[in-house]
Amino acid sequence: MKKIMVTGALGQIGTELVIKLRGIYGKDNVVATDIRMDKSAAATSGPFETLDVTDGKKMLELAKKYQVDTIMHLAAMLSAVAEAKPLAAWNVNMGGLVNALETAKELGLKLFTPSSIGAFGPSTPKDRTPQVTIERPTTMYGVNKVSGELLCDYYFTKFGVDTRGVRFPGLISYMAPPGGGTTDYAVEIYYDAVEKGRYTSFIDKGTYMDMMYMPDALQAIVQLMEADPARLKYRNAYNITAMSVEPEEIAKEIRHHLPNFKLDYSVDPVRQAIAESWPNSIDDSAAREDWGFKSNYDLEKMTKDMLRKIERKIERKGKLAQ
Ligand code: NAD
Ligand code: SER
């Protein structure tokens with residue numbers, strides 16, 4: 001990878017991925033794109049273009065203009081938003097991916113696009129979900145993710161496009177807010193712990209889902225994209241995870257730092273049903289074996305870092321407001 005275009009670059013992942021990639025490959029070699037513009041470092045610290053991923057012509061033009069060799073395709077609608085607007089989600093999630101695949105095919109580019117634990121459904125084995133298993137999701141997001149995995153496989157076998165991907169668990173981070181997913185509670189809980197000392201969770205106690213701290217997710221993307229292609233047996237959809245947790249466990253860890261933190265519940269039936277259709281925990285041994293995936297943050301280490309970073313962020317905001 002020498003020159004990379006990122007779509008959906010101002011979202012939860014892109015905001016941090018663009019900065020990491022600019023640090024490794026050079027700031028002029030990472031073109032950030034999104035349907036909107038903001039003042040984040042991802043938008044201002046290097047080349048930025050507005051791009052609606054459903055506009056395939058413009059995507060191709062930009063890839064040619066910047067002579068990129070890789071697309072990292074992040075633009076998407078996440079699980080809860082997709083459930084509220086299923087047809088729009090199909091159009092953005094599948095239409096955008098088809099355009100990215102076609103651009104990659106036309107110009108001979110590498111393509112990274114993430115799948116998700118959302119690709120699994122109620123009939124999937126729930127614990128230590130295997131790499132290869134039943135994928136019959138019951139959400140529009142999941143249908144998009146399974147279709148995307150298959151479409152990327154198709155473009156690789158049929159046209160030789162170097163497509164790669166992982167099934168991300170819920171990602172936890174402090175820079176950009178999450179974009180409307182089922183796992184968002186695991187980000188909100190940290191902000192509310194610092195700002196209010198309490199959190200009302202929309203996901204019920206005892207509901208386990210896989211999670212990962214953002215630095216591990218970013219490292220995984222770079223590692224997979226730089227991996228020896230000959231070793232990638234499941235190139236488009238590697239299970240990866242760092243921890244399997246439920247709300248009470250996160251709260252308990254937060255109380256090691258903020259002893260008075262209180263957690264209560266107002267369960268959202270839509271997001272709860274999505275969460276219950278997903279695995280409790282997934283098995284990522286294939287990613288570990290094939291390209292050396294390894295997570296560095298467990299719940300304890302992540303909680304310490306999240307709370308510290310959010311406290312600093314709030315302090316900085318307070319100073320700016322004075
Ligand atoms: P996000 O919702 O935070 O960001 C998505 C970005 O895409 C936003 O900046 C939005 O403006 C942009 N976008 C939306 N529609 C667009 C369009 N038509 N054209 C161009 N840009 C558009 O999402 P994220 O968390 O950064 O996720 C990125 C990818 O990773 C998605 O495919 C998502 O399914 C996947 N993923 C994320 C998580 C997670 O926990 N964040 C977990 C598993 C998989
Ligand atoms: N965090 C994502 C979501 O909840 C998982 O893909 O939608």
Enquirer: Kindly say whether Leu109 contributes a backbone atom to a donor-acceptor pair with the side chain of Asp69 at under 3.5 angstrom?
Expert: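 Not at all, since once roles are kept as given, no pair shorter than 3.5 Å links the two residues.
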
Enquirer: Is the shortest heavy-atom distance from the side chain of Val187 to the side chain of Pro177 under 4.5 Å?
Expert: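 Answer no - side chains too far apart.
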
Enquirer: Does any part of the side chain of Val30, heavy atoms only, come nearer than 4.5 Å to the side chain of Pro47, both counted from C-beta?
Expert: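 Side-chain contact under 4.5 Å: no.
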
Enquirer: Sort out for me which residue in Ser116, Ser79, Ser277 forms a side chain to side chain donor-acceptor pair (under 3.5 Å) with Thr182.
Expert: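 Only match with Thr182 under side chain to side chain donor-acceptor pair (under 3.5 Å): Ser79.
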
Enquirer: Are the side chain of Arg128 and the backbone of Asn280 linked by a donor-acceptor contact shorter than 3.5 Å?
Expert: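 No, Arg128 side chain to Asn280 backbone: no donor-acceptor pair under 3.5 Å.
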
Enquirer: Between Ile35 and Thr50, is any pair of side-chain heavy atoms under 4.5 Å apart?
Expert: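 In short, these two side chains do not touch, never coming nearer than 4.5 Å.
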
Enquirer: Using a 4.5 Å cut-off on heavy atoms from C-beta on, say whether the side chain of Ile71 contacts that of Lys110.
Expert: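 Lys110 does not reach Ile71 side chain to side chain.
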
Enquirer: Please verify the inter-ring angle class for Trp278 with Tyr141; under 30° counts as parallel, over 60° as perpendicular, anything in between as tilted.
Expert: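 If you compare the ring of Trp278 with that of Tyr141, the planes turn out tilted.
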
Enquirer: Tell me, yes or no, whether the heavy-atom count around Tyr154 atom OH, taken from other residues, nucleotides or ligands under 6.0 Å, exceeds 12.
Expert: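 At most 12 heavy atoms, drawn from other residues, nucleotides or ligands, come within 6.0 Å of this atom.
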
Enquirer: Do you know the tightest heavy-atom contact between Ala220 and Trp291?
Expert: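 Looking at all heavy atoms of both residues, the closest pair is O-CZ3, 3.5 Å.
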
Enquirer: Quick test of your reading of the model: are Glu49 and Lys65 salt-bridged, counting only N-O distances below 4.0 Å?
Expert: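 Salt bridge: yes.
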
Enquirer: Is NZ or CZ of Arg235 both nearer than 6.0 Å to the six-membered ring centre of Phe156 and within 45° of the ring axis?
Expert: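 Relative to the ring axis of Phe156, which defines the angle, Arg235 lies inside both limits.
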
Enquirer: Quick one: does any side-chain atom of Tyr238 pair with a main-chain N or O of Lys233 as donor and acceptor, under 3.5 Å?
Expert: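 Pair found, side chain donor or acceptor close to backbone of Lys233.
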
Enquirer: For the pair Asp55 and Lys57, find out whether any cationic side-chain nitrogen is under 4.0 Å from an anionic carboxylate oxygen.
Expert: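 Between Lys57 and Asp55 there is no salt bridge, as every charged N stays at least 4.0 Å from the carboxylate O atoms.
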
Enquirer: Salt bridge between Glu249 and Lys252, side-chain N to carboxylate O under 4.0 Å?
Expert: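 Salt bridge: no.
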
Enquirer: Is the count of non-hydrogen atoms from other residues, nucleotides or ligands lying under 6.0 Å from Lys313 atom NZ greater than 12?
Expert: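 Yes - once you tally the heavy atoms of other residues, nucleotides and ligands closer than 6.0 Å, there are more than 12.
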
Enquirer: Check the pair Asp264 / Arg198 against salt bridge (Lys or Arg N to Asp or Glu O under 4.0 Å), numbers first and verdict last.
Expert: CA-CA 8 Å; Asp264 58 15; Arg198 61 180 314 132; 3.3 Å; yes

Enquirer: Quick one: does Ser281's side chain get under 4.5 Å of Thr129's, heavy atoms only?
Expert: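 No, too far: nothing below the 4.5 Å cut-off.
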
Enquirer: Would you verify whether the NZ or CZ of Lys301 falls within 45 degrees of the ring axis of Tyr297 while also being under 6.0 Å from that six-membered ring's centre?
Expert: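 Yes.
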
Enquirer: Using atom types as modelled and distance alone, determine if a side-chain donor or acceptor of Glu102 lies under 3.5 Å from a backbone N or O of Gly56.
Expert: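 No: the side chain of Glu102 does not pair with the backbone of Gly56.
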
Enquirer: Got a donor-acceptor contact below 3.5 angstrom from the Thr124 side chain to the Phe120 backbone?
Expert: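 It does not hold such a pair.
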
Enquirer: So which residues get pulled into Leu10's cluster when ILVMFWY side chains under 4.5 Å apart are joined, directly or through others?
Expert: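 Members alongside Leu10: Met37, Phe48.
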
Enquirer: Tell me, do Pro130 and Pro125 make a side-chain contact under 4.5 Å, heavy atoms counted?
Expert: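 Yes. Closest side-chain heavy atoms under 4.5 Å.
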
Enquirer: If you draw the axis of the six-membered ring of Phe202, does the NZ or CZ of Arg271 fall within 45° of it and under 6.0 Å from the ring centre?
Expert: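 That pair qualifies as a cation-pi contact.
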
Enquirer: Can you tell me if CZ on Arg308 sees more than 12 non-hydrogen neighbours from other groups inside 6.0 Å?
Expert: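 Yes, CZ of Arg308 has more than 12 neighbouring heavy atoms, counting only those of other groups under 6.0 Å.
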
Enquirer: Is there side-chain contact between Arg288 and Asp283, with heavy atoms separated by less than 4.5 Å?
Expert: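 The answer is no, as the side chains (C-beta and beyond) never meet within the 4.5 Å cut-off.
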
Enquirer: Is it the case that more than 12 heavy atoms not belonging to Glu248 sit under 6.0 Å from its CD atom?
Expert: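 Enclosed: over 12 neighbouring heavy atoms sit under 6.0 Å from CD of Glu248.
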
Enquirer: Which heavy atom of Met59 sits nearest to which heavy atom of Gly96, and what is that distance?
Expert: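 Between these two residues, the closest heavy atoms are CE-O, 4.0 Å.
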
Enquirer: Mark yes or no for whether Glu246, through its side chain, and Tyr208, through its backbone, hold a donor-acceptor pair below 3.5 Å.
Expert: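 No.
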
Enquirer: Does the Asp184 side chain pair with the main chain of Gly181, one donor and one acceptor, at a distance under 3.5 Å?
Expert: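 Yes; judged by distance alone, with no hydrogens or angles, the pair exists.
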
Enquirer: Taking the side chain from Asn93 and the backbone from Met77, do they hold a donor-acceptor pair closer than 3.5 Å?
Expert: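 Indeed, once roles are kept as given, a pair shorter than 3.5 Å links the two residues.
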
Enquirer: Report the distance from atom CD of Glu149 to atom CG of Leu97, rounding to the nearest 0.5 Å.
Expert: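 Here the rounded value is 11.0 Å.
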
Enquirer: As an exercise, state the distance from CE of Met72 to OG1 of Thr7, rounded to the nearest 0.5 Å.
Expert: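 Between Met72 CE and Thr7 OG1, I get 11.0 Å after rounding to 0.5 Å.
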
Enquirer: Using only atom types and a distance under 3.5 Å, with no angle test, would you say the side chain of Gln131 pairs donor to acceptor with the backbone of Tyr234?
Expert: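 Checking the backbone N and O of Tyr234 against the side chain of Gln131, no donor-acceptor pair under 3.5 Å is found.
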
Enquirer: Is any side-chain heavy atom of Tyr190 less than 4.5 Å from a side-chain heavy atom of Ile172?
Expert: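 Result yes, sub-4.5 Å side-chain heavy-atom pair found.
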
Enquirer: Is atom CD of Glu311 surrounded by more than 12 heavy atoms (other residues, nucleotides or ligands) closer than 6.0 Å?
Expert: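 Counting neighbours around CD of Glu311, more than 12 heavy atoms of other residues, nucleotides or ligands fall under 6.0 Å, so yes.
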
